[in-house]
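See below for the structure under consideration.
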Protein chains: 2
Amino acid sequence: MKKSALFDALRAGILDLSLAPGSALDEVALCETYGVSRTPLREVLQRLSGEGYVTLEAHRGAAVSSMDLPVIRSLIQTAPMIYAAVARLAAENASPDGIETLKDAQRDFRDASTPADMAIHNHRFHEAIGTMADCPYLIPGLKRLLIDHTRMSQRFYDARTATERATIRKARDQHDAMIAAFEDRAPAEAVRLTLDHWALSRDGIGRFVMPSPLPLDPTQEIRDAV
Amino acid sequence: MKKSALFDALRAGILDLSLAPGSALDEVALCETYGVSRTPLREVLQRLSGEGYVTLEAHRGAAVSSMDLPVIRSLIQTAPMIYAAVARLAAENASPDGIETLKDAQRDFRDASTPADMAIHNHRFHEAIGTMADCPYLIPGLKRLLIDHTRMSQRFYDARTATERATIRKARDQHDAMIAAFEDRAPAEAVRLTLDHWALSRDGIGRFVMPSPLPLDPTQEIRDAV
DNA sequence: AGTACCGATTTTGTATACAAGATGTATTTT
DNA sequence: AAAATACATCTTGTATACAAAATCGGTACT
């Protein structure tokens with residue numbers, strides 16, 4: 001189906017930042033590139049807006065949801081609570097099906113080669129936890145959280161140093177431990193691991209928001225390398 | 001604007017149960033009654049679906065979101081956490097504007113004569129708290145919570161006995177106390193009041209889900225009345 | 001020079017006609 | 001008589017043409 005392909009393409013583009021936060025989405029341009037008429041395109045944009053990927057303003061068209069400082073503050077404030085609540089419910093409701101989906105996502109995450117791939121499969125992993133938690137009042141917030149979390153993680157997964165690569169390995173191992181906790185239906189353990197996982201991620205977000213400053217002495221880096 | 005009128009009408013109908021949970025929404029019928037063509041109508045349905053009022057299935061049209069037992073269980077499980085989190089943030093972020101909106105809603109709630117009016121203004125009141133909390137990751141869940149909470153409260157506000165009327169008065173007074181807590185920027189107090197308020201409401205939901213059984217002896221009620 | 005207003009152009013919103021899919025019924029076949 | 005299939009009808013999905021709103025550029029005026 002053309003429409004769902006279009007939906008997925010826009011969604012992926014937003015998550016991997018190839019569609020920049022705040023950038024406008026031109027209806028006719030998208031119609032031409034995806035070979036759909038405006039009616040179904042607009043329905044896709046409405047749906048993306050309903051899920052928080054896009055913001056729609058009357059007579060002003062669609063734009064990729066922005067990611068300004070107040071939003072990031074809200075994220076850091078709210079994320080642990082929502083993630084923890086979802087993890088607890090997921091552990092209580094764990095089903096073989098849900099665990100299977102989780103393991104699939106984790107395998108793809110492990111095998112991913114590019115930062116964008118890692119981010120998207122990490123996204124899938126955490127969405128699957130939400131599905132398993134099966135709570136209609138937490139999932140919408142969780143999904144919005146994941147949109148912004150994934151977008152901010154793009155930098156996180158673009159590992160340059162050995163330390164950064166070690167951090168990613170640690171996150172990956174935490175996923176495995178979380179799967180085990182869900183399989184054991186151990187809510188307390190699932191929550192504990194989830195909060196650890198969040199703490200790791202939060203540091204990465206810190207680096208995203210506040211990159212390390214340029215060296216005061218521009219020659220220092222060169223001297224260090226020698 | 002016709003479209004927003006249509007949106008509000010459907011929303012109100014869903015909240016006061018005049019559109020029953022699960023009932024199908026016929027596109028052409030709605031078009032004729034509201035004098036709009038199918039294109040904008042469908043956009044309205046998409047938006048209602050995004051906010052959780054309606055569920056859309058491909059090639060099968062729109063239906064009012066259902067309210068079955070698992071959903072009610074989720075609600076009772078999740079509501080205190082979300083309401084409390086929102087109340088805390090609302091108290092921290094309280095603004096004169098927000099307080100004003102809150103007082104307006106409370107006035108209309110107090111002056112309401114029909115159960116449907118009471119329910120809708122109570123809905124507005126709690127939505128305003130969400131707006132004041134200003135957290136994009138909690139509001140979507142809160143709104144979904146309120147949809148189902150309001151629908152279940154229709155019975156709650158249809159007071160027949162003196163006890164029920166006293167309960168409504170108590171809920172109304174709790175609103176006033178909550179406003180005061182927000183004005184004072186007292187998060188702990190706001191949370192405490194919110195949880196009390198929820199406890200009151202939860203009992204009403206209990207009566208909605210489990211109505212009191214018919215008297216075993218059908219003549220008893222008549223004898224009591226004599 | 002700066003600002004306000006008007007018109008041209010671009011972009012969004014709506015209606016309608018047509019296509020495709022689903023459902024229900026009647027007829028046929030076993 | 002029961003089941004299956006083909007057809008008719010109804011409903012949803014898509015394209016296109018048209019209407020309305022907003023933006024932008026230019027001109028006139030302060």
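Order of the sequence lines sets the chain letters (A, B, ...), proteins ahead of strands, with each chain counted from 1.
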Exercise. How would you list, by chain and number, every residue that makes a salt bridge (charged side-chain N to carboxylate O under 4.0 Å, His left out) with B:Glu100, sequence neighbours excluded?
Worked result: none

d([atom1], [X]; [atom2], [N]) in whole Å:
X	N	atom1	atom2	result
A:Glu43	C:dT14	CD	C1'	14 Å
A:Gln46	C:dT14	CD	P	10 Å
A:Arg60	D:dA22	CZ	C1'	8 Å
B:Leu56	D:dT11	CG	P	16 Å

Exercise. Does the side chain to side chain contact (heavy atoms under 4.5 Å, CB included) test come out yes or no for B:Asn122 and B:His175, once each step is laid out?
Worked result: CA-CA 9 Å; B:Asn122 178 70; B:His175 282 190; 3.0 Å; yes

Problem set entry | 5' precedence on DNA chain D between B:Glu57 and A:Arg38 (nearest-nucleotide basis) | B:Glu57

For this session: Can you figure out which of C:dA17, C:dG21, D:dA15 approaches the side chain of B:His59 most closely?
Result: C:dG21

Show me, pair by pair, the donor-acceptor contacts under 3.5 angstrom made by side chains of residues 110-121 of chain A, not counting sequence neighbours?
from     : atom 1 : to       : atom 2 : distance (Å)
A:Arg110 : NH2    : A:Asp176 : OD2    : 2.5
A:Thr114 : OG1    : A:Asp117 : N      : 3.1
A:His121 : ND1    : A:Arg124 : NH1    : 3.0

Exercise. OP1 or OP2 of D:dA15 sitting under 4.0 Å from any side-chain N/O of A:Ser37?
Worked result: yes

Identify all side-chain donor-acceptor contacts of residues 88-97 of chain A below 3.5 Å with residues at least two apart in sequence or on another chain.
from    : atom 1 : to       : atom 2 : distance (Å)
A:Asn93 : ND2    : A:Ala133 : O      : 3.0
A:Ser95 : OG     : A:Gly98  : N      : 3.0

For this session: Could you list the residues that satisfy side chain to side chain contact (heavy atoms under 4.5 Å, CB included) with A:Lys3, not counting sequence neighbours?
Result: A:Met1, A:Pro40, A:Glu43, A:Val44

Expected list for residues 58-76 of chain A: side-chain donor-acceptor pairs under 3.5 angstrom, two or more places apart:
from    : atom 1 : to      : atom 2 : distance (Å)
A:Ser65 : OG     : A:Gly52 : O      : 2.9
A:Ser65 : OG     : A:Tyr53 : O      : 3.2
A:Ser65 : OG     : A:Val54 : N      : 3.3
A:Ser74 : OG     : A:Pro70 : O      : 3.4

Exercise. Does anything in residues 24-36 of chain A reach DNA chain D, meaning a heavy atom under 4.0 Å, and if so which residues?
Worked result: A:Val36

